[in-house]
Amino acid sequence: MRQPVIAGNWKMYKTVSEAVQFALDFKPHVVNSHHCEIVLAPTFTSLKTLNDRLEGSNIKTAGQNVCDRAGEGAFTGEVSAKMLKDVGCSYVIIGHSERRQYFGETDESVNRKIKVSLAAGLTPIVCVGENLAEREAGLMEKTVGSQVKQGFSSLTEDDLLRILIAYEPVWAIGTGRTATPEIAASMHHFIRSSLAEGWGKSVSQKVRILYGGSVKPENIVSLMSEEEIDGALVGGASLEPESFARIVNYNRV
Ligand code: PGA
């Protein structure tokens with residue numbers, strides 16, 4: 001049984017006071033929601049304050065990015081895995097398509113970031129997904145297969161079991177165009193088969209694969225009814241407490 005995970009990615013939204021207000025409004029809605037892990041990924045600047053406010057609750061936090069270098073050093077503007085852990089983070093999003101598209105993230109840097117994050121005791125949420133041109137050309141399995149192969153290169157079975165994967169088709173992110181549950185499930189199945197090839201069937205059955213891309217209160221139930229879908233990485237609809245709470249509490253409708 002794979003425990004579901006519902007994670008909110010706030011991207012470059014919310015000041016510290018807005019993040020705190022969200023926490024105050026959101027917590028009562030999910031105080032009894034133990035069916036899934038609940039994760040919020042605010043900007044770096046809000047992490048410490050938000051974690052202080054969430055202490056003792058069932059809500060954990062994630063960094064939205066991490067430096068690919070181990071340890072510390074002269075790397076202006078970067079934040080290390082140890083620093084994320086130090087402010088109370090449990091997870092870190094790695095290889096989001098916006099980072100790949102605008103900030104030069106590659107499968108090689110994704111691979112290094114996974115390794116430093118695991119070494120620091122963080123749970124990586126590793127994003128993969130094809131863009132529209134690749135989907136229209138029928139190349140989605142080729143793209144995602146290579147992101148998995150290269151991004152997870154030289155990871156052990158134990159490493160894999162500590163990772164979450166988020167399948168996020170780029171054409172569905174922020175566009176209102178969600179992948180149908182069937183499309184998402186078939187890509188999750190493909191990712192699982194790729195994992196089975198590299199690390200064996202038993203490992204592949206245990207890795208949790210989240211879907212991301214225009215997840216909303218209106219479509220979460222049908223997405224989560226797919227056996228292959230183990231949770232969601234939510235952007236826009238995680239910015240508002242009631243909307244994100246409805247997504248977290250998809251099991252109550
Ligand atoms: P969206 O973003 O839910 O706004 O489409 C998802 C993501 O980028 O993780």
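Start at 1 and go down the list; that is how both ligands and their atoms are numbered.
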* To do: Specify side chain, backbone, both or neither for Ala166, according to which of its non-hydrogen atoms lie closer than 4.0 Å to ligand 1.
  => neither
* **Under 4.0 Å to a heavy atom of Lys11 - the qualifying atoms of ligand 1, by number** => 2 (O), 7 (C), 8 (O)
* Structure fact -> Which of Lys60, Arg2, Arg208 passes salt bridge (Lys or Arg N to Asp or Glu O under 4.0 Å) with Glu37? Answer is Arg208
* **His96 neighbourhood, listing ligand 1 atoms whose heavy-atom distance to it stays under 4.0 Å** => 7 (C), 8 (O), 9 (O)
* **With sequence neighbours excluded, residues passing ring-ring contact (aromatic ring centres under 6.0 Å, His included) with His35** => Tyr250
* Protein contact of atom 6 (C) of ligand 1 - nearest heavy atom, named by residue and atom, plus distance -> Gly235 N, 3.5 Å
* Nearest heavy atoms of Tyr211 and Ala184, plus distance in Å -> CD1-CB, 3.7 Å
* Show which atoms of ligand 1 fall inside a sub-4.0 Å distance from at least one heavy-atom site of Gly213. => 5 (O)
* Assess the side chains of Ser153 and Asn111: does a donor N or O sit below 3.5 Å from an acceptor N or O? => no
* Asked: Which atoms from ligand 1 have a heavy atom of Gly174 less than 4.0 Å away?
  -> 1 (P), 4 (O), 5 (O)
* Candidate list Arg100, Lys149, Lys113, test salt bridge (Lys or Arg N to Asp or Glu O under 4.0 Å), partner Asp107, passing option -> Arg100
* Structure fact -> With heavy atoms and a 4.0 Å threshold, my read on which part of Asn9 contacts ligand 1 is side chain
* To do: Please work out which of the three classes, parallel, tilted or perpendicular, describes the rings of Phe22 and Trp10, given edges at 30° and 60°.
  => perpendicular
* Asked: Are any of the N/O atoms in Ile173 less than 3.5 Å from those in ligand 1?
  -> no
* Using a strict cut-off of 4.0 Å, indicate which atoms of ligand 1 neighbour a heavy atom of Ser214. => 1 (P), 3 (O), 5 (O)
* Per-atom contacts of ligand 1 with Glu168, taking only distances under 4.0 Å to non-hydrogen atoms -> 6 (C), 7 (C), 8 (O), 9 (O)
* When you look at Asp158 and Arg162, which way does the salt bridge (charged side-chain N to carboxylate O under 4.0 Å, His left out) test go after all the steps? -> CA-CA 7 Å; Asp158 284 347; Arg162 294 173 53 204; over 6 Å; no
* To do: State plainly whether the residues Arg112 and Asp68 are in salt-bridge range, i.e. N to O under 4.0 Å.
  => yes
* In terms of atom number and element, which parts of ligand 1 are under 4.0 angstrom from non-hydrogen atoms of Gly236? -> 1 (P), 3 (O), 4 (O)
* Atoms in ligand 1 flagged as close to Ala172, the criterion being non-hydrogen separation under 4.0 Å -> 5 (O)
